[in-house]
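Structure, as structure tokens:
FYI, side chains are in, hydrogens and waters are out, and symmetry mates aren't considered; it's all heavy atoms of this structure.
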Amino acid sequence: MIIGTERHESRRIDNQLRGRSGRQGDPGESVFYISLEDELMRLFGSERLISIFTALGIPQYQEIEHKALSGAIEKAQQRIESRNYGIRRNLLEYDQVMNEQREVIYAERLRVLNGESMRDVIYKMITDITENAVDTCISEDAHSEQWDLNELNSLLLPIVPLETVELDRVAHKKDSLKQQLKEEAVKLYEAKEAEFPQEEAIREVERVILLKVIDRKWMDHIDDMDQLRQGIGLAAYANKNPVAEYKMSGYDMFDSMTAAIKEDTVKLLFHIKVEQKVEREQVAKVTGTNKDDTVQRGPVKREAVKIYPNSPCPCGSGKKFKLCCMSKDVNGQQ
């Protein structure tokens with residue numbers, strides 16, 4: 001027999017307990033005792049039942065079996081189950097947003113870790129940054145004399161170190177300006193590639209920088225998404241769906257993160273400096289030495305016999321070296 005001292009929020013848990021009362025064909029018995037002051041009843045309107053039973057004159061500690069009481073308990077459990085289901089569903093939808101973003105980031109990281117060439121990806125980043133800068137600073141219907149080139153220079157040149165964009169050296173149509181700046185940016189990066197002695201060297205640098213930037217930006221993005229999730233519930237006070245607001249804000253933040261990855265990666269690659277190692281012979285000439293590394297050098301051998309502190313003193317006094325001449329050698333006295 002199972003005796004329960006309270007009812008669980010989930011009816012499934014109560015049914016599991018009832019199932020334990022019988023085994024191997026034995027139907028078993030179960031009984032649950034619950035107070036109207038229990039948490040389950042208190043949250044879902046037990047005051048009305050208390051007032052009814054008080055009006056009927058039922059003693060305080062009297063056992064009560066009533067259909068209305070059983071129905072109230074079941075309704076309370078149903079309401080809690082519905083609320084918990086809604087919470088789990090929202091959590092699943094929140095997690096789905098992060099899962100989709102995580103798949104995109106991890107797929108890009110996997111390409112880098114597998115050693116794929118990122119050259120085309122880097123070139124795409126360069127052209128995208130150039131186009132976005134022009135679109136941000138110059139409107140479609142604006143005449144060339146109305147272009148805000150100062151804003152364009154301040155936005156583009158810190159990332160892609162081109163020559164200062166001036167009206168007298170660029171095309172006066174927006175599409176032509178885009179094409180011209182993209183070509184200049186690509187040529188500038190080709191010149192940076194030529195600074196490396198081997199092509200694989202620049203490819204490896206691209207992979208290392210891209211991986212570090214992705215990891216740093218992704219960790220920051222996870223923290224930002226966690227902060228967004230903690231406060232998104234306030235959107236309900238503005239009659240907005242918190243889940244929908246979380247999705248829209250999350251996707252906007254993800255786009256901002258990918259744009260930041262492009263900018264930081266391109267900026268680091270354009271400003272990286274290649275240092276050539278000086279040949280060993282040149283170092284020898286500069287330092288005034290002439291070392292022959294081909295000659296094998298043996299270990300240095302001590303010519304005199306080493307005298308230990310506890311050895312007899314070589315002066316013939318019969319004392320230990322540390323008690324005789326050793327102290328004189330240390331103090332500089334002979």
Side-chain angles (χ1 to χ4, degrees), residues 104-218 221 254-277:
V104 175
I105 291 296
Y106 281 17
E108 191 67 23
R109 290 186 78 255
L110 185 61
R111 292 182 57 191
V112 178
L113 294 174
N114 288 338
E116 295 186 18
S117 175
M118 295 290 107
R119 185 176 187 273
D120 294 338
V121 175
I122 300 301
Y123 273 79
K124 183 67 164 54
M125 289 182 177
I126 295 173
T127 55
D128 288 346
I129 290 173
T130 305
E131 287 187 356
N132 292 335
V134 174
D135 290 334
T136 301
C137 302
I138 299 175
S139 60
E140 293 290 343
D141 55 351
H143 193 268
S144 60
E145 297 179 354
Q146 300 174 340
W147 290 353
D148 191 350
L149 298 183
N150 291 329
E151 181 183 4
L152 178 60
N153 288 323
S154 62
L155 184 63
L156 180 60
L157 299 191
I159 304 172
V160 182
L162 299 171
E163 295 183 18
T164 303
V165 181
E166 297 178 351
L167 195 61
D168 57 353
R169 83 166 191 87
V170 297
H172 289 194
K173 291 184 179 181
K174 182 178 179 179
D175 293 339
S176 301
L177 175 64
K178 280 185 183 181
Q179 187 63 29
Q180 179 181 349
L181 295 181
K182 286 192 295 184
E183 292 177 356
E184 292 180 2
V186 169
K187 291 180 180 178
L188 187 63
Y189 190 70
E190 290 176 348
K192 177 64 65 175
E193 289 179 319
E195 297 178 5
F196 288 80
Q198 298 178 353
E199 182 181 359
E200 183 56 32
I202 180 62
R203 303 286 85 87
E204 181 65 21
V205 170
E206 291 172 348
R207 287 191 289 267
V208 171
I209 291 179
L210 183 57
L211 184 62
K212 288 183 177 295
V213 173
I214 289 176
D215 289 345
R216 184 176 67 251
K217 294 297 182 181
W218 175 244
H221 180 70
F254 185 77
D255 290 339
S256 300
M257 180 198 66
T258 54
I261 290 175
K262 293 179 181 180
E263 293 178 0
D264 286 6
T265 302
V266 171
K267 183 177 181 179
L268 289 173
L269 287 173
F270 268 117
H271 291 82
I272 194 171
K273 294 183 178 180
V274 181
E275 294 183 357
Q276 299 289 345
K277 292 184 178 180

Just jot down the side-chain hydrogen bond (donor to acceptor under 3.5 Å, both in side chains) partners of [X], sequence neighbours excluded, or say none.
X: Glu163; answer: none
X: Ser139; answer: Asp141
X: Asn150; answer: none
X: Glu140; answer: Lys174

- Message: Test: salt bridge (Lys or Arg N to Asp or Glu O under 4.0 Å). Region: residues 146-162. Which pairs qualify, not counting sequence neighbours?
- Response: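 The answer is none; no pair qualifies.
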
- Query: With sequence neighbours left out, which residue pairs that include part of residues 202-214 fulfil the salt bridge (Lys or Arg N to Asp or Glu O under 4.0 Å) condition?
  - Reply: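 Every pair satisfying salt bridge (Lys or Arg N to Asp or Glu O under 4.0 Å) with a residue in residues 202-214: Glu193-Arg203, Glu199-Arg203, Glu200-Arg207, Arg203-Glu206, Glu204-Arg207.
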
- Query: For Leu157, which of Val160, Ile159, Asn153 qualifies under side chain to side chain contact (heavy atoms under 4.5 Å, CB included)?
  - Reply: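 The residue from Val160, Ile159, Asn153 that satisfies side chain to side chain contact (heavy atoms under 4.5 Å, CB included) with Leu157 turns out to be Asn153.
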
[X]: which residues meet the side chain to side chain contact (heavy atoms under 4.5 Å, CB included) condition with it, sequence neighbours left out?
X: Ala259; value: none
X: Glu184; value: Leu162, Arg169, Gln180, Leu181
X: Ser256; value: none
X: Thr136; value: Leu155

Between [atom1] on residue [X] and [atom2] on residue [Y], distance to nearest 0.5 Å:
X: His221; Y: Ile105; atom1: NE2; atom2: CD1; value: 7.5 Å
X: Glu116; Y: Leu110; atom1: CD; atom2: CG; value: 7.5 Å
X: Leu156; Y: Ile129; atom1: CG; atom2: CD1; value: 8.5 Å
X: Ile122; Y: Lys262; atom1: CD1; atom2: NZ; value: 11.0 Å
X: Leu211; Y: Met118; atom1: CG; atom2: CE; value: 10.5 Å
X: Arg109; Y: Asp215; atom1: CZ; atom2: CG; value: 4.0 Å

- Glu145, CD atom: more than 12 neighbouring heavy atoms under 6.0 Å: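 No, not enclosed.
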
- Only pairs at least two apart or in different chains count here, so list each ring-ring contact (aromatic ring centres under 6.0 Å, His included) that has a residue in residues 143-170.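 Applying ring-ring contact (aromatic ring centres under 6.0 Å, His included) to every pair that reaches into residues 143-170, excluding sequence neighbours, yields nothing.
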
- Query: Passes side chain to side chain contact (heavy atoms under 4.5 Å, CB included), Leu210 versus Met125? Steps please.
  - Reply: CA-CA 11 Å; Leu210 183 57; Met125 289 182 177; 3.7 Å; yes

- Query: So do the side chains of Tyr123 and Glu190 get within less than 4.5 Å of each other, counting heavy atoms only?
  - Reply: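 Tyr123 reaches Glu190 side chain to side chain.
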
Name every donor-acceptor pair, under 3.5 Å, that has one atom in a side chain of residues 263-272 and the other anywhere in the protein, sequence neighbours excluded.
residue, atom, partner, partner atom, Å
Asp264, OD2, Lys217, NZ, 3.1
Thr265, OG1, Ile261, O, 2.7
His271, ND1, Lys267, O, 2.7

